[in-house]
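Data first, discussion second: the structure below is written as structure tokens.
Everything numeric here is computed off the predicted structure, so don't read it as measured data.
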Amino acid sequence: MVARSLMFQGTGSDVGKSLVVAGLARAFTLRGLSVAPFKPQNMSNNAAVTADGGEIGRAQALQARAAGMPLSVHMNPVLLKPQSEIGSQVVVQGRVEGNAKASEYQHLKPRLLSRVLESFEILRAKADLVLVEGAGSASEINLRQNDIANMGFARAADVPVVLIGDIDRGGVIASIAGTKLVIDADDAAMIRGFIVNRFRGDPALFAVGMDLIARFTSWQSIGLLPHFADAALLPAEDALGLSQYFARKPGAKIRIAVPILPHISNFDDLDPLEAEQDVELIRVRRGEAIPGDCDLVLLVGSKATISDLAALRQAGFDVDIAAHHRRGGRVLGLCGGYQMLGKRLSDPEGTEGPPGSVDGLGLLNVETVLSGAKRLEAVSGSSFDGISFAGYEMHIGRTAGADCARPFSTIGGQAEGASSADGRVVGTYVHGLFSDDRQRSAWLTRLGGSSSGLDYEANVDAILDRLAAHMERHLDLSGLLRLAT
């Protein structure tokens with residue numbers, strides 16, 4: 001049996017495609033179907049390590065989790081990871097195949113289509129239903145010629161499309177109807193239905209709007225989907241999620257400051273901390289100062305570590321971090337953040353930008369060389385105080401120096417990470433530490449707080465269940481199955 005498939009494209013970026021597919025993946029799984037998520041081409045620095053030893057976009061990892069499917073590189077065969085001057089790193093079926101600037105990548109895409117279709121067929125052989133997510137906007141007709149992410153894929157694989165519009169942005173009638181107006185007639189024929197997402201208020205007030213869209217487009221209405229507030233509690237893929245408003249927590253016992261840098265990556269490391277009621281996570285942007293009363297400065301991952309280190313200095317965060325440390329504050333660096341904390345950072349082969357070396361922040365007596373194969377691996381071990389954890393590593397570079405004699409953790413009998421002599425500065429390559437309840441509780445205790453008892457992973461699954469119920473209530477899921485071919 002070959003799986004049925006259905007593709008979800010959007011009128012623009014961030015209209016909720018990823019969340020809709022995640023919710024539908026859980027809903028159809030609960031209906032007894034075997035569901036696989038698929039995104040032909042993704043652009044994100046928030047990635048996940050797969051069971052088959054590669055990496056895919058974080059959104060597809062969440063969708064696979066919703067479907068109860070092991071992560072596979074075939075769920076996201078082309079992943080673009082933006083870097084600095086060298087454009088984007090191009091990851092194909094989980095493995096880095098080089099770097100390309102935007103104009104260069106347009107010429108690469110036709111050669112990548114066969115790999116995309118190969119991955120799609122592999123998934124179709126393993127599931128009852130493949131839910132495909134498009135990228136950006138279906139109406140980017142300037143990029144249509146070599147497209148592999150939206151209509152180019154839909155036409156090549158003969159997959160019917162449902163178009164999603166975001167009413168929260170305004171102009172949703174024009175954005176959906178206008179999509180049909182500007183795209184090629186054969187592309188428009190691939191679209192069979194539409195969803196209006198993020199509605200707030202009385203649905204009856206937009207009934208006429210839904211009828212008008214159906215009349216202008218001749219596409220089937222799949223439903224008006226109300227805003228799902230708990231979406232903010234699920235791991236975000238796009239850095240746009242970092243710009244949303246997060247409520248202050250005046251009664252929080254622990255304050256953690258996170259400098260937001262241009263090429264921030266794997267920032268879902270922050271989500272479990274945000275979920276803790278006694279933790280106030282302060283995202284510090286350029287033009288702001290790191291609060292003097294925070295308990296921890298957390299430097300997270302970066303896809304262009306040397307470039308982000310320069311941005312950190314330009315913003316004056318290095319001065320703030322040094323002052324925080326002098327006052328007795330703690331600093332934790334994860335992956336790229338760990339590399340920044342050392343005395344020296346070198347990129348002799350130009351892996352992330354122009355070849356060269358720069359001084360680090362000097363808070364750890366270590367040096368990093370960005371060379372060698374990329375490490376992509378799920379790991380488990382224990383921290384220096386014997387607390388167990390499970391996480392993953394995703395990085396290029398080797399770090400060595402005197403402070404590695406005081407490792408943060410032991411993984412498979414090998415020392416990993418580094419700590420300063422006073423124990424107040426720690427660096428590690430392990431992502432996912434805070435998703436592990438044991439390690440997150442240990443960090444809260446180290447910072448003078450206590451465990452809340454939150455089961456983070458169970459909480460994510462509970463939200464996915466509520467999201468699936470939300471889809472069942474407001475969308476025509478049986479109608480979607482009839483559209484799938």
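- Ionic pairing of Lys109 and Asp147 is not present here: no N-O contact between side-chain nitrogen and carboxylate oxygen is shorter than 4.0 angstrom.
- One finds the OG1 atom of Thr428 at 8.0 Å from the CG atom of Leu332 (value rounded to the nearest 0.5 Å).
- Here salt bridge (charged side-chain N to carboxylate O under 4.0 Å, His left out) pairs that include residues 363-373, with residues two or more places apart or in two chains, number zero.
- Of all non-hydrogen atoms in Ala61 and Ala48, the two that sit nearest each other are CB-CB, 3.6 Å.
- With sequence neighbours excluded, the residues satisfying side chain to side chain contact (heavy atoms under 4.5 Å, CB included) with Ala47 are Glu55, Leu79, Lys81, Met394.
- For the side chain to side chain contact (heavy atoms under 4.5 Å, CB included) criterion with Val116, the lone passing option out of Ile148, Asn76, Val92 is Ile148.
- Listed by first and then second residue, the salt bridge (charged side-chain N to carboxylate O under 4.0 Å, His left out) pairs involving residues 321-348 are Arg344-Asp359 (not counting sequence neighbours).
- Residues satisfying the side chain to side chain contact (heavy atoms under 4.5 Å, CB included) criterion with Val358, sequence neighbours excluded, are Ile306, Leu309, Leu345.
- Arg65 has a carboxylate O that lies under 4.0 Å from a charged side-chain N of Asp461, or vice versa, which qualifies the two as a salt bridge.
- Defined by atom type and a distance below 3.5 Å, a donor-acceptor pair is present between the side-chain atoms of Ser302 and Asp308.
- Residue pairs satisfying the ring pair (Phe, Tyr, Trp, His ring centres under 6.0 Å) criterion with at least one member in residues 325-350, sequence neighbours excluded, are listed as follows: Tyr338-Tyr429.
- With respect to Glu276 and Arg440, a salt bridge is recorded, a charged nitrogen being found less than 4.0 Å from a carboxylate O.
- Checked by atom type, the side-chain pair Asn150/Glu140 shows no donor-acceptor distance below 3.5 Å.
- Between Val35 and Ala67, the closest heavy-atom pair is O-CB, 3.2 Å.
- Two residues are said to be in side-chain contact when any heavy atoms from C-beta on lie closer than 4.5 Å; Leu361 and Leu312 meet this criterion.
- Residue pairs meeting the salt bridge (charged side-chain N to carboxylate O under 4.0 Å, His left out) criterion with at least one partner in residues 388-402, sequence neighbours excluded, are Arg375-Glu393.
- Lys303 places no side-chain N or O within 3.5 Å of a backbone atom of Gln89 that could act as its donor or acceptor partner.
- Tested against Phe8, the residues Leu131, Val132, Leu163 include a single side chain to side chain contact (heavy atoms under 4.5 Å, CB included) partner, Leu131.
- In this structure, the side chain of Ser420 engages the main chain of Val425 through a donor-acceptor pair within 3.5 Å.
- Side-chain atoms of Glu352 come within 3.5 Å of backbone atoms of Thr305 as a donor-acceptor pair (strictly under, hydrogens ignored).
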task = For Arg283 and Glu288, run salt bridge (charged side-chain N to carboxylate O under 4.0 Å, His left out): C-alpha distance rounded to whole Å, both residues' side-chain angles, the deciding distance at 0.1 Å, then the answer.
result = CA-CA 10 Å; Arg283 295 158 178 79; Glu288 301 173 343; over 6 Å; no

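- For Gln41, the side chain to side chain donor-acceptor pair (under 3.5 Å) partners are Tyr105, not counting sequence neighbours.
- For residues 401-415, the pairs satisfying salt bridge (charged side-chain N to carboxylate O under 4.0 Å, His left out) are Asp403-Arg406, with sequence neighbours left out.
- Under the 4.5 Å side-chain criterion, counting only non-hydrogen atoms from C-beta, Gln339 is not in contact with Leu341.
- Defined by atom type and a distance below 3.5 Å, a donor-acceptor pair is missing between the side-chain atoms of Glu416 and Thr410.
- With no hydrogens or angles considered, no side-chain donor-acceptor pair links Ser44 and Asn42 at under 3.5 Å.
- A salt bridge is absent between Arg255 and Asp295: the closest approach of a Lys/Arg side-chain nitrogen to an acidic carboxylate oxygen does not fall below 4.0 angstrom.
- Partners of Thr50 under the side chain to side chain contact (heavy atoms under 4.5 Å, CB included) rule, at least two apart in sequence or in another chain, are Asp52, Ile56, Leu71, Val73.
- Glu97 has a carboxylate O that lies under 4.0 Å from a charged side-chain N of Arg115, or vice versa, which qualifies the two as a salt bridge.
- Using modelled atom types and a 3.5 Å distance limit, the side chains of Ser383 and Arg446 yield a donor-acceptor pair.
- By the side chain to side chain donor-acceptor pair (under 3.5 Å) test, Ser137 is found to be paired with Ser139, residues two or more places apart in sequence or in another chain being considered.
- From Leu62, atom CG reaches atom CG of Asn46 across 11.0 Å, with rounding to the nearest 0.5 Å.
- Asp202 pairs by the salt bridge (charged side-chain N to carboxylate O under 4.0 Å, His left out) definition with nothing, not counting sequence neighbours.
- By the side chain to side chain contact (heavy atoms under 4.5 Å, CB included) test, Asp269 pairs with Asn266, Leu334, His431, sequence neighbours left out.
- In this model, a donor atom of one side chain and an acceptor atom of the other lie less than 3.5 Å apart for Gln60 and Glu133.
- Phe206 and Phe199 have tilted rings, their planes meeting at an angle from 30° to 60° on a 0 to 90° scale.
- In this model, no donor atom of one side chain and acceptor atom of the other lie less than 3.5 Å apart for Gln106 and Lys101.
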